[in-house]
There are 2 protein chains.
Amino acid sequence: MRRDIFQAVADPTRRAIIVLIALQAMTPNAIAEHFDTTRQAVSKHLRILTECELVKQEQQGREIYYSLEINKMKEIDKWLEQFRKIWETRFNQLDKVLSTIKKQKK
Amino acid sequence: MRRDIFQAVADPTRRAIIVLIALQAMTPNAIAEHFDTTRQAVSKHLRILTECELVKQEQQGREIYYSLEINKMKEIDKWLEQFRKIWETRFNQLDKVLSTIKKQKK
DNA sequence: TATATTTGCAACCGGTTGGTTTCATAAACA
DNA sequence: TGTTTATGAAACCAACCGGTTGCAAATATA
């Protein structure tokens, strides 16, 4: 069972759930109302999100509130870091080219 | 056929390919040498990456050089933007709490 | 021209995925 | 206590995924 954050985020429904609970905790029932699937399917998604620690639960009576572990999202950001370096360099190089053209026009 | 950048990046081999060709273009054969799979499997991954425009090809005789479409990677960054806002806010709030504690100590 | 090299594509296969229906459990409430 | 409500887990299923082998096409080379 491969279960990492990238695989978790690959599913569009799971991405929508993540966005939904990013700002406020919600129960599975409340979450399911936002989608065109059964509550059980949402429950499965929540299990996957919980397994890779993207989501935390808080029991409140018979209700369970799910909310986003925002810090875990930084792992994606961390992986992107290496590419951010590249595209910033590329941008600077483009900048150089543009200023060279500008100089030549003068 | 669901084919978006998040699904493309979900597979660890594809992520490794992306990193590999981020800085220099490579042929499928050269890429395959870095992995414990057949050239055809790599070819399949390259097809998926091409389909969601994460990768571009450049034919050179009978060889095809694949390189990363670095700009496409920004789409992930764009999606992360909304969470970045949240975790920066949380950090600032934590900062406030810390400075409050500091003041109380005084 | 005959042969070797580089590549993509089709067919197949076992495991995974995302969904459903059904059921069990625990808390709230009449 | 019996019923309703909220939830997770199990069993099942069709579709998909990542891998393989085999083959065809195009280019380079003898």
Side-chain angles (χ1 to χ4, degrees), chain A residues 1-21 24-69 72 76 79, chain B residues 1-21 24-69 72 76 79:
Chain A
M1 206 194 310
R2 196 187 57 192
R3 201 118 292 176
D4 62 80
I5 190 171
F6 290 99
Q7 188 252 342
V9 151
D11 182 78
T13 306
R14 277 198 292 271
R15 281 203 301 281
I17 291 175
I18 287 173
V19 171
L20 205 58
I21 64 173
Q24 58 169 341
M26 290 177 80
T27 64
N29 259 322
I31 295 169
E33 277 171 18
H34 288 77
F35 299 98
D36 200 27
T37 55
T38 58
R39 177 192 57 77
Q40 284 88 336
V42 170
S43 200
K44 261 190 168 185
H45 284 306
L46 287 170
R47 201 165 86 94
I48 290 167
L49 292 171
T50 305
E51 272 171 16
C52 54
E53 297 170 305
L54 255 169
V55 144
K56 59 173 180 284
Q57 314 174 19
E58 204 178 321
Q59 187 105 24
Q60 215 160 99
R62 69 182 155 185
E63 291 177 329
I64 301 175
Y65 283 85
Y66 284 85
S67 59
L68 185 63
E69 271 296 1
K72 194 72 179 181
I76 302 175
W79 186 71
Chain B
M1 208 195 311
R2 199 187 53 194
R3 199 120 292 174
D4 62 80
I5 190 171
F6 290 99
Q7 188 254 340
V9 152
D11 182 78
T13 306
R14 278 198 292 271
R15 282 203 300 282
I17 291 175
I18 287 173
V19 171
L20 206 57
I21 63 172
Q24 57 169 342
M26 290 177 80
T27 64
N29 259 323
I31 295 168
E33 278 171 17
H34 288 78
F35 299 98
D36 200 25
T37 56
T38 57
R39 178 193 56 77
Q40 284 90 334
V42 170
S43 200
K44 261 191 170 185
H45 284 306
L46 287 171
R47 201 165 86 94
I48 291 167
L49 292 172
T50 305
E51 271 171 16
C52 55
E53 298 170 306
L54 255 170
V55 144
K56 59 173 181 282
Q57 314 175 19
E58 203 180 322
Q59 188 104 24
Q60 214 161 99
R62 69 183 156 187
E63 291 178 329
I64 300 175
Y65 283 85
Y66 284 86
S67 61
L68 185 63
E69 270 297 0
K72 193 72 179 181
I76 302 175
W79 186 71

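As the structure is a prediction and not an experimental result, all values here were calculated from the model.
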Please tell me which of A:Q60 and A:H45 maps to the more 5' nucleotide of DNA chain C, matching each residue to the nucleotide holding its nearest heavy atom.
A:H45

Examine D:dG8: is either OP1 or OP2 under 4.0 Å from a nitrogen or oxygen in the side chain of A:S43? Give yes or no.
yes

How would you list, by chain and number, every residue that makes a side chain to side chain contact (heavy atoms under 4.5 Å, CB included) with B:T50, sequence neighbours excluded?
B:V55, B:Q57, B:Y66

Quick one: ring pair (Phe, Tyr, Trp, His ring centres under 6.0 Å) partners of A:F6, sequence neighbours excluded?
A:W79

Is a donor-acceptor contact shorter than 3.5 angstrom present between the side chain of A:K44 and the base of C:dG19?
yes

Check the phosphate of C:dT7 against B:N29, side-chain N and O only, distance under 4.0 Å to OP1 or OP2. Yes or no?
yes

Could you tell me which residues satisfy side chain to side chain contact (heavy atoms under 4.5 Å, CB included) with A:E63, sequence neighbours excluded, listed by chain and number?
A:T27, A:Y65

According to side chain to side chain contact (heavy atoms under 4.5 Å, CB included), who are the partners of B:A41, at least two apart in sequence or on a separate chain?
B:T37, B:T38

Assert: residue with more 5' nearest nucleotide on DNA chain D, out of A:A30 and B:G61, is A:A30

Anything under 3.5 Å between a protein N or O and an N or O of nucleotides 21-26 of chain C, put it in a table, one pair a line.
from: C:dT22; atom 1: O4; to: A:Q40; atom 2: NE2; distance (Å): 2.7

Atom CD of A:E63 and atom P of D:dG8 are separated, to the nearest Å, by 11 Å

Check whether B:R14 reaches the backbone of B:A8 with its side chain - one donor and one acceptor, N or O, closer than 3.5 Å.
yes

Verify the contact: side-chain N or O of B:R47 to OP1 or OP2 of C:dT7, cut-off strictly under 4.0 Å; return yes or no.
no

How would you list, by chain and number, every residue that makes a salt bridge (charged side-chain N to carboxylate O under 4.0 Å, His left out) with A:E53, sequence neighbours excluded?
A:K72

Side-chain N or O of A:R3 closer than 4.0 Å to phosphate OP1/OP2 of C:dT17:
yes

